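Remember, predicted model here, so these are calculated numbers, not experimental data.
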Amino acid sequence: MIFVCVVIYLWGRFSSIYASLKEYSQQPSFGTFLAGFVTIMAFSRLMGRGSFWQAVMGDSYMRLVKNIVEEGIETLGYTLILISAIELVLACRRRQTLAKTEHS
C-alpha cells in the first residue's frame, strides 16, 4: 500500500528525481550512505544466519551471540546512514550560504 502511494505521488516527477539522485551520487556523503546501506542489507543478513553461526561455533552455538553480532552490525549500518544524512545537510547549508553571499 505504501509503495503504491509513493509511486502515485512520484508519477510525473521522475525526471527531477533522476536529476536529484544523479547529483546526490556525486556528493561525498553518498559513499557513506552506500556503505551503511550495504552493511545493513548484506553483512547484517549474512551475519544473522543461524546456520553460519552453528557451523562456526559447533556444539557451543549460542543464539545470543548471533543476535548481538547481527544487531551490532545493523547499528553500525544505521549509524553510517545517519552520518551521511548529517554530512548532506551540512553540505546543503554550505552551498546555500555560498549562494547567498554570491547574490549579495
**Prompt:** Hey, mind stepping through E102 and R95 against salt bridge (charged side-chain N to carboxylate O under 4.0 Å, His left out) and telling me if it holds?
**Reply:** CA-CA 11 Å; E102 288 176 3; R95 182 182 297 174; over 6 Å; no
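- No donor-acceptor distance shorter than 3.5 angstrom exists from the side chain of S44 to the backbone of M41, with no hydrogens or angles considered.
- F33 and F37 have parallel rings, their planes meeting at less than 30° on a 0 to 90° scale where 60° marks the start of perpendicular.
- No continuous path of hydrophobic side-chain contacts links V38 to L82 [ILVMFWY only; heavy atoms under 4.5 Å].
- The side-chain heavy atoms of I40 and I81, taken from C-beta on, include a pair separated by under 4.5 Å.
- Judged by distance alone, the side chain of W53 and the main-chain N or O of N67 form no donor-acceptor pair under 3.5 Å.
- For the side-chain contact (heavy atoms from CB on, under 4.5 Å) test, residues two or more places apart in sequence or in another chain that qualify with T79 are T75, I83.
- The salt bridge (charged side-chain N to carboxylate O under 4.0 Å, His left out) pairs that include a residue from residues 28-50 are R45-E74, where partners are two or more places apart or lie in different chains.
- Linking ILVMFWY side-chain heavy atoms closer than 4.5 Å, directly or via other members, places M1 and W11 in two distinct hydrophobic clusters.
- Of the inter-residue distances, the one linking Y18 atom OH with E23 atom CD reads 12.5 Å to the nearest 0.5 angstrom.
- Taking 4.0 Å as the cut-off between side-chain N and carboxylate O, E87 and R93 do not count as a salt-bridged pair.
- Linking ILVMFWY side-chain heavy atoms closer than 4.5 Å, directly or via other members, places Y24 and L34 in a single hydrophobic cluster.
- When every heavy atom of T32 is checked against every heavy atom of L80, the shortest pair comes out as CG2-O, 3.4 Å.
- In Y9, the OH atom is not crowded: 12 or fewer heavy atoms of neighbouring residues, nucleotides or ligands sit closer than 6.0 Å.
- Y61 is listed as a side-chain neighbour of K66, based on a closest heavy-atom distance under 4.5 Å.
- Rounded to the nearest 0.5 angstrom, F30 CZ and L21 CG are separated by 8.0 Å.
- How far CG of L64 is from CD1 of I68: 4.0 Å, rounded to the nearest 0.5 Å.
- The hydrophobic clustering, which links ILVMFWY residues whose side-chain heavy atoms are closer than 4.5 Å, places L46 and V69 apart.
- To the nearest 0.5 Å, the span separating OG1 on T39 from CD1 on I73 amounts to 8.0 Å.
- Under the 4.5 Å side-chain heavy-atom criterion for Ile, Leu, Val, Met, Phe, Trp and Tyr, F43 and V56 are members of the same hydrophobic cluster.
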